[in-house]
Amino acid sequence: KGHYKGLDFDAGQLTQRGALNLVKGWLYIPFGSRCDVGEWHGWVIGLNVQDPSSPQRAFTPAPTIDGGGMWGSAGVSADRDGNLFAVTGNGGLGTDRGSYDLDTGGENVCESILKLIPTGSEIRMTKDKRDYYVPGNFKFLDATDQDMGGSSGIVLPDIGGRKLLVTCGKDGFIYMVDRDNLGGVGGELHKQRLFGDPKAFYHSNIKTTPAFFDGGDTNKIVYVSGNETGPKGEAGVVAMRIDTSQKKPKLETAWTLKKTLNQPGAPTVSSNGHKDAIVWVIESNKNDGDSGEDGVLHAYDALTGQELYHSNMQAKRDVLKDARKFS
């Protein structure tokens, strides 16, 4: 059983959605809750694959409050040095304390991107602002159930000498941070709404993990799928070009689809090295109850967004039938 700061891992209160990650002989498994029911805490658990019965490495971002689920479909990411990067959801549900209290001597850091350091039999997190990021409006995100942790973090290859990570939130925003200095509260390099009405109180716009394509010096692009139309007409899938030519790296819109997609899954990129890249996305057409029409597989040119194919073009041959919102 995993333990962290006096708290025991309780599998009966948890569900496991995110992908597994095998890093230097340890298998890392993320956990969220069963629909926010009861007292629960998000966890990442590490198992020694050579000795599975040995003590587990364990970490929770919410040792003294509820929440902090790790929901992202791609699970926990890792860099070449074996450091883990976890994106967590809201915490302190039903309280006015919020999900972050490191600044007042607490131990909770939800609504966050965390750098976690596996060592020995534990997973360690420092309280240095270089090792965590929390959006400045985290209390609002808590109150409106707009988890950052609806997405996983993508560790990008070094670009312009910078070590970057991108993730997205249910709030409809994309976030880019520096892995060497995550920045603490409000310390992002770039934050931008891609989906949803800025005036709306509640959002559930991005619950997918971004994809990345390296198309050469000026075409290092991140792809994000989401629900509803964005403030500048963004829809379905948005391609964001990474610009590191200035002191502060930023994201610029390369292209966006002209129409929305109904509950799309995470984008995937195929390519022939740095060329001939295609972005694949499954449009699930399902509501939160997993009911709706047949799904559709779409293929887009990665540099222009032009649709190359969809599975209804020859429906008798290619029809996808049932698909789900996290496909």
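One finds no salt bridge joining D180 and R162 here, because no Lys/Arg side-chain nitrogen approaches an Asp/Glu carboxylate oxygen to under 4.0 Å. Between D197 and K199, none of the side-chain N atoms (NZ, or NE/NH1/NH2) sits under 4.0 Å from a carboxylate O, so this pair counts as no salt bridge. Using a cutoff of 4.0 Å between basic side-chain nitrogens and carboxylate oxygens, R241 and E252 are not scored as salt-bridged. A salt bridge links R324 to D322: one of the charged nitrogens lies within less than 4.0 Å of a carboxylate oxygen. Ion pairing between E111 and K139 fails under the 4.0 Å rule for side-chain N and carboxylate O. Between D147 and K207 no salt bridge is recorded (no basic side-chain N to carboxylate O distance below 4.0 Å).
Counting only N and O atoms by type, the side chains of D142 and Y100 include no donor and acceptor under 3.5 Å apart. Looking at E188 and Y133, their side chains do bring a donor and an acceptor atom within 3.5 Å of each other.
Within the cation-pi definition used here (under 6.0 Å to the ring centroid, within 45° of the axis), K191 qualifies as a partner of F173.
Under the 30°/60° scheme for interplanar angles, the aromatic rings of Y4 and F59 are found to stand perpendicular. Using cut-offs of 30° and 60° for the angle between ring planes, the F31 and F9 rings count as perpendicular.
A centroid separation of less than 6.0 Å is found between the aromatic rings of F201 and F140.
Contact check for V44 versus I123: side-chain heavy atoms found under the 4.5 Å cut-off. Here the side chains of D318 and M313 are not in contact, with every heavy-atom distance at 4.5 Å or above. In this structure, T229 and E234 have side chains that are not in contact, with every pair of non-hydrogen atoms separated by 4.5 Å or more.
Residues in residues 44-57 take part in these side chain to side chain donor-acceptor pair (under 3.5 Å) pairs, two or more places apart or across chains: Y28-R57, D51-S53.
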Stepwise side chain to side chain contact (heavy atoms under 4.5 Å, CB included) check, I154 with L165: CA-CA 5 Å; I154 296 297; L165 179 146; 5.8 Å; no
